[in-house]
Visitor: 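Here it is, the structure, as structure tokens.
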Amino acid sequence: MLIGITADSGGGDKAAPSTTATTTVTSAQTVIATPGADEVSAPAPSSAKPLAFGDTWKLSNIDPAKPFEGSLTVLGYKQGFTSVGKADEEAGMPGYVWAYTDLELCGAKGSYTDNTTSWTLYYSDGSRISPSGTTYGDFPKPEFPFEVTVTAGKCARGKLVFPVPGDERPESVLYKPDGLAEPREWTVPKA
């Protein structure tokens, strides 16, 4: 599906640059994650200006056969909560802790299907960490759905959990479904 994307900071009196890109997103609706956290080396995330937490990224489908308008927002990040499951066991390395991002995906027109594999945490050394492939009953609620379809007037909001190095903080939260040329990025504030 073709998606035209514009950024809207949603910050009232802030001057928000508006960027538009046309991207083909085809398999974002069918990608299934491999369980477990993946940490891989990657280049810098995006040439587009990063958004702040609470800023909204507008999505719109330019294909008249499947019209869609909606928005994505990263609302927050918290690192260091406890669970019955151990983050370092999932990551396969000592010193990892649990963290989560608070996300919201809303539809204004049509429908859009996405899943948690579109999200990663980006670190200043270029590494990226994928969401947890496990969920425990004591993870923060509500949890962001593994796969979700939003329609006009409906949203999906929740917390997406990651196993992260306990002594490091990510630089940003990235959204990149398959087919999107560059990830959309929200800067993680300093602790």
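Note that the structure is a prediction, hence the values are computed from the model and not measured.
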Visitor: So, for Leu75 and Glu104, which heavy atoms are closest and what is the spacing to 0.1 Å?
Guide: CD1-CB, 4.1 Å

Visitor: Rounded to the nearest 0.5 Å, how far does OH of Tyr175 lie from CZ of Arg184?
Guide: 12.5 Å

Visitor: Taking all atoms of both residues into account, what is the closest heavy-atom pair of Ala91 and Tyr96, and its distance?
Guide: CB-CD2, 3.4 Å

Visitor: Going through the checks in order, is the side chain to side chain contact (heavy atoms under 4.5 Å, CB included) test met by Leu174 and Arg128?
Guide: CA-CA 9 Å; Leu174 301 179; Arg128 296 183 191 207; 3.3 Å; yes

Visitor: Heavy-atom distance under 4.5 Å between the side chains of Thr116 and Phe144, does that happen here?
Guide: yes

Visitor: Do Glu90 and Thr134 have side-chain heavy atoms sitting under 4.5 Å apart?
Guide: yes

Visitor: So, taking the atom named NZ in Lys176 and the one named OG in Ser118, what distance separates them when rounded to the nearest 0.5 Å?
Guide: 9.0 Å

Visitor: Do Pro170 and Gln79 have side-chain heavy atoms sitting under 4.5 Å apart?
Guide: yes

Visitor: Suppose we screen for side-chain contact (heavy atoms from CB on, under 4.5 Å). Which residues come up paired with Thr101, at least two apart in sequence or across chains?
Guide: Tyr77, Leu103, Leu121, Leu160, Phe162, Val173

Visitor: Considering only heavy atoms from C-beta outward, does the side chain of Tyr112 approach that of Pro177 to under 4.5 Å?
Guide: yes

Visitor: Start with the C-alpha distance between Ser127 and Tyr122, add both sets of side-chain angles, then the distance that settles side chain to side chain contact (heavy atoms under 4.5 Å, CB included), and finish with yes or no.
Guide: CA-CA 6 Å; Ser127 60; Tyr122 176 80; over 6 Å; no

Visitor: Which heavy atom in Val148 sits nearest to a heavy atom in Ala156, and how many Å separate them?
Guide: CG2-CB, 3.6 Å

Visitor: Hey, are Glu185 and Ser172 close enough side-chain-wise for a donor-acceptor pair under 3.5 Å?
Guide: yes

Visitor: Looking at Asp102 and Arg157, does any basic side-chain N land under 4.0 Å from a carboxylate oxygen?
Guide: yes

Visitor: Write down the atom of Thr82, the atom of Asp138, and the distance for their closest heavy-atom approach.
Guide: O-OD2, 4.3 Å

Visitor: Quick check: do Leu72 and Trp186 have side-chain heavy atoms less than 4.5 Å from each other?
Guide: yes

Visitor: Any side-chain heavy atom of Val188 within less than 4.5 Å of one from Arg169?
Guide: yes

Visitor: Just jot down the ring pair (Phe, Tyr, Trp, His ring centres under 6.0 Å) partners of Tyr123, sequence neighbours excluded, or say none.
Guide: none

Visitor: Roughly how far apart are Thr73 OG1 and Leu105 CG, rounded to 0.5 Å?
Guide: 9.0 Å

Visitor: Ala87 and Pro163: which non-hydrogen atoms are nearest, and at how many Å?
Guide: O-CB, 3.8 Å

Visitor: Where do Thr120 and Ser130 land on the side chain to side chain donor-acceptor pair (under 3.5 Å) test, with the steps shown first?
Guide: CA-CA 5 Å; Thr120 56; Ser130 297; over 6 Å; no

Visitor: Tell me the closest heavy-atom pair linking Phe53 and Pro189, and the distance in Å.
Guide: CE2-CD, 3.5 Å

Visitor: Will you find, in the side chains of Thr151 and Ser111, an N or O donor that is under 3.5 Å from an N or O acceptor?
Guide: no

Visitor: Do Glu147 and Thr113 have a side chain donor and acceptor closer than 3.5 Å?
Guide: no

Visitor: Holding to side-chain contact (heavy atoms from CB on, under 4.5 Å), I want the full list of residues that pass it with Glu143, two or more places apart in sequence or in another chain.
Guide: Thr135, Phe139, Lys141

Visitor: So how far is it from Cys106 SG to Lys58 NZ, rounded to the nearest 0.5 Å?
Guide: 9.0 Å

Visitor: Less than 4.5 Å apart, any side-chain heavy atom of Val161 and any of Phe81?
Guide: yes

Visitor: Taking the side chain as every heavy atom from C-beta outward, state whether Pro165 and Ile129 have any atom pair closer than 4.5 Å.
Guide: yes

